[in-house]
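Since the structure comes first, as structure tokens, the remarks are kept for the end.
All values reported here derive from a predicted model rather than from experimental measurement. Proteins get letters first, then strands, A, B, ... in listed order; numbering begins at 1 in each.
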Protein chains: 2
Amino acid sequence: MEKLLQNFDSIFSIDCIIFGLNEGELKILLIERNEDPYKSWYALPGNIVEQNESIDDAAQRILYELTGLKDIYMEQFYTFGAVKRHPSGRVITVAYNAMIRLDSAKELKPVTNYASKAFWMPVKDMPELAFDHTQIFNKGFEKIRSKISFEPIVFELLPEKFTLSQLQNLYEVILNKELDKRNFRKKMLAYNILNELNEKQEGVSFRAAKLYSFDKHKYDKFFQKELSFGKD
Amino acid sequence: MEKLLQNFDSIFSIDCIIFGLNEGELKILLIERNEDPYKSWYALPGNIVEQNESIDDAAQRILYELTGLKDIYMEQFYTFGAVKRHPSGRVITVAYNAMIRLDSAKELKPVTNYASKAFWMPVKDMPELAFDHTQIFNKGFEKIRSKISFEPIVFELLPEKFTLSQLQNLYEVILNKELDKRNFRKKMLAYNILNELNEKQEGVSFRAAKLYSFDKHKYDKFFQKELSFGKD
DNA sequence: ATTACTTAGTGTAAAATTTACACCCTATAT
DNA sequence: ATATAGGGTGTAAATTTTACACTAAGTAAT
């Protein structure tokens, strides 16, 4: 034990998959590394967990540093701890999923010094990423994909007011398959977690659709099971 | 310990919820600590992740040290990283669930030096545990509870040959509710992951039930979705 | 103002799944 | 032989899921 502690020099980090929706396309935030190893490769945004912050806080901080956004819901989905996943030493990483409203994000500002830029990469064009980040991305995306079949969790990606078609389109993009319009609307409205607004789409060159908003209060009532334990 | 910890960065540990079934009762393996902090409290078995082992390997090692069992399927379910979850320093812990066949476990042998004993505690009598281990246990148990509704994963708890009533009883214990016998059998057989054996229970003082075994090959066929990404 | 175009919005019947429910069977023990 | 304790089985009703196609409303072009 003593010996263990003395030799101890592992590092704990956070990596984030930050989803955003832009012109109907699902994208995630990537950075381009400007340090070895994997210099000039694309990678998931991540950083080291500091002594005085919880892992949830670290995830929030990383998101804030890159997007200027705070208090976004992020969900831890897996911890990657293979011995040699990082070539220069032992790094265990906790991976988080987050979803943000692209239009609410300020300019991207990569303040981390190891990144030369941050940008949105369409999920369907995902290149090979640095380290084991491709694997992390796959697992995180799969997690979201399987989760939305049980529980509507994607409203954070849409504007505050959205049409049912936009919502359906988002589902189709995530699940990568077409859904039946009538069945989709029936099911979504049956969840009873949307507010029908007295407003319609504007600026479209066709019949304007009704706008809806997500009602977190109603949502919590029906999906309490998932909330039965606190954070961390 | 305290002084030592202050000199180092975060420590990663593993904590395991090891489920076993004994006389129809669901139990988990606990240890009694013989070191401060929380001396003489009960805690989940756990240990520090060493430099040269993956977190999965560390989980396997801990299980082996306590039970003598190897190559048991363990599933990581959450990582706990609050700043002050350990009173003497920063310790981030990855929590695993495992299920073992109680009758196949050798004598329990707590080789870890911080534990004075290891023993099986019925889930229904769970006391307050050291550190945040009560919270970890709740989350892990909830994970299993929600998972078995979608996917049969509890065969590791039963003997190799078991009756459908034993299986149903196990579900009832985990879900903490009664199930309909006919519907349960119908559904379980429809999964088509069991082999009906040409054997019956022995040594019972009533009509002997047919024995079944779990067919991992058939199982993999039907639940591939969950296996689409490798470990770690 | 007519027409063409594009997306919005709606209902029903069939199929599949889930639920509720009760009695006879068989082995053992006395 | 009989009492006991769990083993084993089917069907109808209810619910959920699926498949499927047309009309409505607004915009844009002529």
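Applying the salt bridge (charged side-chain N to carboxylate O under 4.0 Å, His left out) test to A:Lys161 and every residue at least two apart in sequence or in another chain returns A:Glu199. Annotation: side-chain contact (heavy atoms from CB on, under 4.5 Å) contacts of A:Arg61 (sequence neighbours excluded): A:Asn47, A:Glu50, A:Glu53, A:Ala58, A:Glu65. By the salt bridge (charged side-chain N to carboxylate O under 4.0 Å, His left out) test, A:Arg85 is found to be paired with A:Asp15, A:Asp132, residues two or more places apart in sequence or in another chain being considered. Considering only residues two or more places apart in sequence or on other chains, B:Phe131 meets the ring-ring contact (aromatic ring centres under 6.0 Å, His included) condition with B:Tyr38, B:His86, B:His133. With sequence neighbours left out, A:Lys210 forms a salt bridge (charged side-chain N to carboxylate O under 4.0 Å, His left out) with A:Glu196. B:Phe119 pairs by the ring-ring contact (aromatic ring centres under 6.0 Å, His included) definition with B:Tyr42, not counting sequence neighbours. A search for side-chain contact (heavy atoms from CB on, under 4.5 Å) contacts involving A:Ala209 returns A:Thr163, A:Gln201, not counting sequence neighbours.
For the pair B:Lys143 and B:Phe77, the cation does not sit on the ring face, since its NZ or CZ is not both under 6.0 Å from the ring centre and inside 45° of the axis.
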Q) What does nucleotides 21-30 of chain D look like as a protein-contact string, B for base, S for sugar-phosphate only, - for none, at under 4.0 angstrom between heavy atoms? A) B--BBSSS--

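To the nearest angstrom, P of C:dA8 lies 15 Å from CD of A:Glu196. Put simply, CD on B:Gln201 is 16 Å from P on C:dT26, counting in whole angstrom units. The CG atom of A:Asp180 sits 18 Å away from the P atom of D:dT16 (whole-angstrom rounding). Atom NZ of B:Lys210 and atom C1' of D:dG8 are 8 Å apart (whole Å). In this structure, A:Tyr212 places its OH atom 9 Å from C1' of C:dG9, rounding to the nearest Å. In this entry the distance linking CE of B:Met188 with C1' of D:dG7 reads 17 Å, nearest Å. Between the CZ atom of A:Phe184 and the P atom of D:dA19 there is a distance of 16 Å, rounded to whole Å.
The side chain of B:Arg185 lies closest to D:dG8, out of D:dT17, D:dG8, C:dT18.
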Taking N or O atoms only and anything under 3.5 Å, show me the protein contacts with nucleotides 11-14 of chain D, one pair per line.
{"residue": "D:dT11", "atom": "O4", "partner": "B:Lys186", "partner atom": "NZ", "Å": "3.0"}

Q: Would you sort out whether B:Lys139 and B:Glu142 count as a salt bridge (charged side-chain N to carboxylate O under 4.0 Å, His left out), showing the intermediate values?
A: CA-CA 5 Å; B:Lys139 189 143 189 158; B:Glu142 180 60 28; over 6 Å; no

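Screening residues 122-131 of chain A for salt bridge (Lys or Arg N to Asp or Glu O under 4.0 Å) gives A:Glu25-A:Lys124 as the qualifying pairs, with residues at least two apart or on separate chains. Applying the salt bridge (Lys or Arg N to Asp or Glu O under 4.0 Å) rule to pairs touching residues 168-179 of chain A yields nothing, sequence neighbours excluded.
Of the residues in residues 158-177 of chain B, not one comes within less than 4.0 Å of DNA chain C through any heavy atom.
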